[in-house]
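Heads up, the thing below is written out as structure tokens.
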Amino acid sequence: MPGTCVIGLQWGDEAKGKIVDLLTERHDVVVRYQGGANAGHTVVTGGQTYKLSLLPSGILRTSVHSVITGGVVLNPPSILGEIDGLRERGVNVGGNLLMSDRAHVIFPWHLEEDRLIETRKTGGEAIGTTQRGIGPCYKDKVGRTFALRLGDLYRRGFRDRVRDIVDEKNQFLALIAGKNPFTPIDATQVYDQYQGYAERLKPHVADTTSFLLDALEANKRVLFEGAQGALLDVDHGTYPYVTSSNSSGVGIPSGSGVPGRYMNKIMGVVKAYSTRVGGGPFPTEQDNPIGHHLRERGNEYGTVTRRPRRCGWFDAVATRYTARLSGADTICVMLLDVLSGLDTLQICTAYEIDGQRVNVFPSHVDDLRRAKAVYESLPGWKEEITAVRKLADLPANARKYLDRIGEILGRPVEIVSVGPDREQTILS
Ligand code: GDP
Ligand code: IMO
Ligand code: MG
């Protein structure tokens, strides 16, 4: 049963792209199965940095199939831009890339809705989306009436469907725009543009569900690349401050069409601390010199939007919950080098909510908002560790910190990362 899964256990940006890239050489297929161009996964190798958004992080190795399944929401100009960008840098993208005809397509009205809703300010904290049209597209998918899947772009009737949907969407957009300016969508223009995109994407469009099931039945090794992180899962995360897909481990079967029985190893990826982009409660947030240290040393600025990421201590209450929820077998601890130079490190081991100590992650965002982090302190280390390649060569306090994370999460730490490059990795 050759399925390996890489899942972020925090609020995204755990460096999943680096882990997927590392594991790709031992796999035949790499799969993106949820989310869309809200993701920004970084791979650094041979002095080159690649920022991947919709394309699976396996795309740099052309001997491997990169597959985008029906659970992804696909923005044609984004993916075409990514393909062109890679080709310009000498990465061949051809028959190795497949995308599902079942994937829902993002249209300009989704982007406009995302923008208008985010700027509407209805009181309360904004979600702070990436404004990539993700939520509006998933909403239409579940609603069915106004949705178009990639396969629909090649069917007769596509032009009429666009016209009918645009009629409805322009009325809806005018309604939510209120006094905000918006440019009505032109159906003919959208149809012409998307016809062009469809032509260019055609060689890659396939029934990826059958492809993956065939591959797994033939004992091919398949790697599932999660996007976002489990705390952003629409059902199990910090709702409503989440994304619109199942970004924890539970989303793999539904997003990919591959049953859970094929997943034989789940690797949970965490940063050695915590970050969050956008709104929502964050009990271990450090809006102070510690947060500043983490942001500057970790270059914590969004890959997609360049927004400064909110930074804080490692939250073991949240990650123990998501490690269990995602069925993580092992843990990868990333960006450990960022902690060098801090005298004392803190791990949040419980919350205090209304005077009560709890170590179960609250299901309601209001309770999480009132949660005060209870910390365990560990001594830090001064040494730079970016050149270390063996666990035994890490400072003793760094090893203690890793051991404590593994112990609290109840899973072995399998990989430790001490820098962005493929080489800056310690396998335990
Ligand atoms: P993803 O969305 O989970 O793939 O993560 P991102 O790519 O959005 O963010 C992770 C960032 O950390 C990227 O800029 C990586 O190049 C960088 N990175 C990955 N591993 C390490 C590490 O061990 N140390 C440092 N300093 N940076 C790392
Ligand atoms: P990767 O795969 C970090 C966050 C947004 C916002 C919320 C909803 O790179 O880890 P959306 O545009 O999805 O409707 O935004 O989710 N978010 C991410 N945060 N990493 C990501 O992806 C994210 N994708 C979405 O900042 O708070
Ligand atoms: Mg990212």
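Along the sequence shown, residues are numbered consecutively beginning with 1. Whatever order the structure lists them in is the order used to number ligands and atoms, beginning at 1. Both backbone and side-chain heavy atoms feed into the values below; hydrogens, waters and symmetry mates do not.
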In a table with atom names and distances, give each donor-acceptor pair under 3.5 Å that connects a side chain of residues 172-179 to protein atoms at least two apart or in another chain.
none

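Under 4.0 Å from ligand 1, the heavy atoms of Thr303 that appear belong solely to its side chain. At a heavy-atom cutoff of 4.0 Å, ligand 1 is contacted by both the backbone and the side chain of His41. Within the 4.0 Å heavy-atom criterion, the part of Arg309 lying near ligand 1 is the side chain and not the backbone.
The closest side-chain heavy-atom distance from Glu414 to Lys265 is below 4.5 Å. Between Glu125 and Arg369, some side-chain heavy-atom pair lies under the 4.5 Å cut-off. Looking at Phe146 and Lys169, their side chains come closer than 4.5 Å, going by heavy atoms from C-beta outward.
Between the CD atom in Glu285 and the CG atom in Asp287 there is a gap of 5.5 Å [rounded to 0.5 Å]. Taking CG of Asp152 as the start and CG of Asp101 as the end, the distance is 9.0 Å to the nearest 0.5 Å.
Listed by chain and residue number, the protein contacts of ligand 2 are Trp11, Gly12, Asp13, Lys16, Asn38, Ala39, Gly40, His41, Ile127, Gly128, Thr129, Thr130, Ala227, Gln228, Leu232, Val242, Thr243, Val277, Gly278, Arg307 (heavy atom within 4.0 angstrom).
Residue-to-ligand polar distances place Gly40 within reach of ligand 1: an N/O pair is separated by less than 3.5 Å. For ligand 1, the polar-atom distance check finds no N/O of Arg297 at less than 3.5 Å from any of the ligand's N/O atoms. By the 3.5 Å distance cut-off applied to N or O atoms, Lys18 is not counted among the residues near ligand 1.
The 12-atom threshold is exceeded at CZ of Arg89, counting heavy atoms of other residues, nucleotides or ligands nearer than 6.0 Å. Within 6.0 Å of the CZ atom in Arg221, the count of heavy atoms belonging to other residues, nucleotides or ligands exceeds 12. Within 6.0 Å of the CZ atom in Arg26, the count of heavy atoms belonging to other residues, nucleotides or ligands does not exceed 12.
Summary of contacts: the protein heavy atom closest to atom 14 (O) of ligand 1 is Thr42 OG1, 3.8 Å. Counting protein heavy atoms only, atom 4 (O) of ligand 1 is closest to Gly17 N, 2.9 Å. With respect to atom 23 (O) of ligand 1, the closest heavy atom belonging to the protein is Ser417 OG, 2.5 Å. At the top of the distance list for atom 24 (N) of ligand 1, counting protein heavy atoms only, stands Asp337 OD1, 2.7 Å. Scanning the protein heavy atoms around atom 5 (O) of ligand 1, the nearest turns out to be Ala15 N, 3.2 Å. Looking only at heavy atoms of the protein, atom 17 (C) of ligand 1 is closest to Pro420 CB, 4.1 Å.
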**Request:** I would like to know whether Trp11 and Phe282 meet ring-ring contact (aromatic ring centres under 6.0 Å, His included); could you show each step before the answer?
**Result:** CA-CA 10 Å; Trp11 282 286; Phe282 180 0; 5.1 Å; yes

**Message:** Does Arg102 form a salt bridge (Lys or Arg N to Asp or Glu O under 4.0 Å) with Asp207? I'd like the steps, not just the answer.
**Reply:** CA-CA 8 Å; Arg102 293 181 173 95; Asp207 175 353; 3.0 Å; yes

**Request:** Run the numbers on His65 and Phe211 for ring-ring contact (aromatic ring centres under 6.0 Å, His included), then give the verdict.
**Result:** CA-CA 10 Å; His65 273 106; Phe211 177 87; 5.0 Å; yes

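Counting only N and O atoms by type, the side chains of Lys18 and Ser417 include a donor and acceptor under 3.5 Å apart. Between the side chains of Thr275 and Arg310, no donor N or O sits under 3.5 Å from an acceptor N or O.
The two residues Ser53 and Ala39 come nearest to each other via the heavy atoms OG-O, 2.7 Å.
Residue pairs meeting the side-chain hydrogen bond (donor to acceptor under 3.5 Å, both in side chains) criterion with at least one partner in residues 383-403, sequence neighbours excluded, are Arg297-Glu384.
Taking 4.0 Å as the cut-off between side-chain N and carboxylate O, Asp21 and Arg422 count as a salt-bridged pair.
For atom 11 (C) of ligand 1, the nearest protein heavy atom lies 4.0 Å or farther away.
Heavy-atom separations between Val418 and ligand 1 include at least one value shorter than 4.0 Å. Residue contact check for ligand 1: Gly419 places a non-hydrogen atom closer than 4.0 Å to it.
The number of protein N/O/S atoms found under 2.8 Å from the Mg ion (ligand 3) is 2.
Between the choices Ile415, Leu335, Asp13, Ile426, the shortest heavy-atom distance to atom 27 (N) of ligand 1 belongs to Leu335.
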